[in-house]
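Below is one structure, written out as structure tokens; the observations come after it.
Convention: sequence-line order gives letters A, B, ...; per-chain numbering from 1. Heavy-atom basis, side chains included; hydrogens, waters and symmetry copies ignored.
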There are 2 protein chains.
Amino acid sequence: MGVTLERDIRERFRRSGYTLTSQRKAVLEALGESRGHPSAEDVYLLVKKKNPRVALGTVYQALSVLEEIGVIGAKHWSESPTRYDLNVEPHLDIRCLGCGAVSEIPGVGLGDLEDRLRAATPYEVTHAAVVVEGLCPACRAAG
Amino acid sequence: MGVTLERDIRERFRRSGYTLTSQRKAVLEALGESRGHPSAEDVYLLVKKKNPRVALGTVYQALSVLEEIGVIGAKHWSESPTRYDLNVEPHLDIRCLGCGAVSEIPGVGLGDLEDRLRAATPYEVTHAAVVVEGLCPACRAAG
DNA sequence: CTCGCGAATAGGAACGATTACTGATCACCG
DNA sequence: CGGTGATCAGTAATCGTTCCTATTCGCGAG
Ligand SMILES: [Mn+2]
Ligand SMILES: [Mn+2]
Ligand SMILES: [Zn+2]
Ligand SMILES: [Zn+2]
């Protein structure tokens, strides 16, 4: 089972001072299982399959901790709860306005965008995200 | 007063079939007055100064219509209500994690990002937004 | 100028996502 | 084994936003 938990993740927990609890491991596992970009509720339902006693609030807290220590990412669209992602590299995620599915746009990075923005603003930039909206092929066909 | 309402905006209303009501004009005005990227609540408070009878729901409905016809834009961050913007060109907005202020990063466009993403996905792309988080100089100094 | 009608509004209730609270449990240290 | 602080389950509360309904508005037909 959870023997294979990346060294890097354990290290991040250790350094942050947070405990690597079974619930937090379960949330990570759920994010791995679900191919897409699940919401907190999605993660909650997955985690509950193996441990029916987990509380939704615990999932929110776990997601928050995991994001804080840089193990997962979160993005925000209109008309959708927050979506979470194991991919913490800068990348593009697109949400279908028809069916609501969120998926990744592979092969397209931010390029030099982050460098350019850091050079152009006096802010200390901590995070940059690109969110895209559109219609997936299926929904486009459906009309 | 509202004599100077861009031809383009009137035209968009006409084509969409929506009515250009006094409340919708007031919401546009409020967005013009407020330099930054106000929330619906911010807009509501501004509009109420001139017409205390407006309802918050009306402001939400107006913002929704204005976004739909392409006159304003909206972006979503964590820990903040939706922020609205008269700038509908693709551009970068940054939110300070300290004080919550949202401002624009001038001089940095998306470059060829939109072209590349359209080429790389089978989706029909309708909208792409970049949201950035960081610390403004004041908050960085404060600590 | 009235009347009629659909669109828009004010006001307030309802909703969904997220957070806050609280007593019980857990992980870890000595 | 106890003690101690972090975490958790369960639930209440909050917040942004949407929904609902009676009333008003804008406007064209007569
Ligand atoms: Mn992703
Ligand atoms: Mn902007
Ligand atoms: Zn779809
Ligand atoms: Zn600041």
Side-chain angles (χ1 to χ4, degrees), chain A residues 2 5 10 12-28 30 37-69 71-72 74-84 95 100 102, chain B residues 2 5 10 12-28 30 37-45 47-69 71-72 74-84 95 100 102 131:
Chain A
L5 191 58
R10 293 188 182 278
R12 281 174 188 270
F13 267 98
R14 207 189 49 69
R15 276 213 307 267
S16 69
Y18 288 118
T19 318
L20 179 44
T21 64
S22 68
Q23 289 89 344
R24 288 170 184 170
K25 272 188 243 179
V27 164
L28 268 176
H37 293 69
S39 66
E41 179 88 24
D42 296 335
V43 171
Y44 169 62
L45 293 175
L46 282 172
V47 169
K48 235 176 38 167
K49 282 186 187 170
K50 296 185 180 169
N51 176 2
R53 283 186 58 79
V54 288
L56 178 55
T58 302
V59 170
Y60 273 103
Q61 192 261 10
L63 289 166
S64 162
V65 165
L66 289 168
E67 190 191 3
E68 183 185 331
I69 67 178
V71 170
I72 67 174
K75 284 183 183 172
H76 306 270
W77 281 263
S78 65
E79 303 182 57
S80 167
T82 303
R83 303 303 200 92
Y84 298 89
R95 176 168 185 276
V102 173
Chain B
L5 191 56
R10 292 188 182 278
R12 282 173 185 270
F13 267 99
R14 207 189 49 68
R15 277 213 306 268
S16 68
Y18 288 117
T19 317
L20 181 43
T21 64
S22 68
Q23 288 90 343
R24 287 169 184 171
K25 272 187 245 181
V27 165
L28 268 176
H37 294 69
S39 66
E41 180 88 25
D42 296 335
V43 171
Y44 170 61
L45 293 174
V47 169
K48 234 173 45 164
K49 281 187 186 168
K50 296 186 180 168
N51 177 2
R53 284 187 56 77
V54 288
L56 178 56
T58 302
V59 170
Y60 273 102
Q61 192 261 11
L63 289 167
S64 162
V65 165
L66 290 168
E67 190 190 2
E68 184 185 330
I69 67 179
V71 170
I72 67 175
K75 284 184 183 170
H76 307 270
W77 281 263
S78 65
E79 303 181 57
S80 167
T82 303
R83 305 303 201 92
Y84 297 89
R95 176 168 185 276
V102 172
V131 296

*May I ask you to evaluate whether Gln23(B) reaches the phosphate of dA10(C), defined as a side-chain N or O under 4.0 Å from OP1 or OP2?*
yes
*How long is the line joining CG of Asp42(A) and P of dA17(C), in whole Å?*
10 Å
*From Ser80(B) atom OG to His76(A) atom NE2, the distance as rounded to the nearest 0.5 Å*: 10.0 Å
*Partners of Arg12(A) by salt bridge (charged side-chain N to carboxylate O under 4.0 Å, His left out), sequence neighbours excluded?*
Asp8(A)
Could you list all N or O pairs between the protein and nucleotides 22-29 of chain C that sit under 3.5 Å apart?
none

_Expressed as a whole number of angstroms, how long is the span from Tyr44(A):OH to dT18(C):P?_
14 Å
*Which salt bridge (charged side-chain N to carboxylate O under 4.0 Å, His left out) pairs, counting each pair once, include a residue from residues 13-23 of chain A, with sequence neighbours left out?*
Glu11(A)-Arg14(A), Glu11(A)-Arg15(A)
*Estimate the overall bend of the helix from dC1(C)-dG30(D) to dG30(C)-dC1(D) from the end axes over five pairs each, rounded to 10 degrees.*
20°
_From CZ of Arg83(A) over to C1' of dT18(C), roughly how many Å is that when rounded to an integer?_
16 Å
Set out, line by line, the N/O atom pairs under 3.5 Å between protein and nucleotides 16-19 of chain D.
from	atom 1	to	atom 2	distance (Å)
dT17(D)	OP1	Thr82(B)	N	3.1
dT17(D)	OP1	Thr82(B)	OG1	2.7
dT17(D)	OP2	Tyr60(B)	OH	2.6
dT17(D)	O5'	Tyr60(B)	OH	3.4

*Find the distance Lys48(B):NZ to dT9(C):C1' and express it as a whole number of Å.*
15 Å
_Derivation of the side chain to side chain contact (heavy atoms under 4.5 Å, CB included) call for Leu20(B) and Arg10(B)_ = CA-CA 7 Å; Leu20(B) 181 43; Arg10(B) 292 188 182 278; 3.8 Å; yes
*Look up atom CG in Leu28(B) and atom CD in Gln23(B), then write down how far apart they are to the nearest 0.5 Å.*
12.5 Å
_Minimum heavy-atom distance Ala30(B)-Val43(B), with the two atoms named_ = CB-CG1, 4.1 Å
*What distance do Ile72(B) atom CD1 and Tyr84(B) atom OH have between them, rounded to the nearest 0.5 Å?*
6.5 Å
*Taking atom OG of Ser39(A) and atom CG of Leu63(A), what is their separation to the nearest 0.5 Å?*
9.5 Å
*In whole angstrom, give the distance that lies between atom CZ of Arg24(A) and atom P of dA6(D).*
11 Å
_Nearest non-hydrogen partners of Ile69(B) and Ser16(B), listed with the distance_ = CG2-CB, 3.6 Å
*Atom CZ of Arg14(B) and atom P of dC27(D): how far apart are they, to the nearest Å?*
14 Å
_Which nucleotide in dG10(D), dC8(D), dT9(C) has an atom nearest any side-chain atom of Ala55(A)_ = dG10(D)
*Which side chain to side chain donor-acceptor pair (under 3.5 Å) pairs, counting each pair once, include a residue from residues 58-69 of chain B, with sequence neighbours left out?*
Tyr18(B)-Glu68(B), Arg24(B)-Gln61(B)
_Spacing of Arg95(B) atom CZ and His37(B) atom NE2 [to the nearest 0.5 Å]_ = 13.0 Å
*Within this structure, what is the OH-to-P distance between Tyr18(A) and dC8(D), rounded to whole angstrom?*
11 Å
*Rounded distance (Å) that lies between atom P of dC8(D) and atom NZ of Lys25(A)*: 12 Å
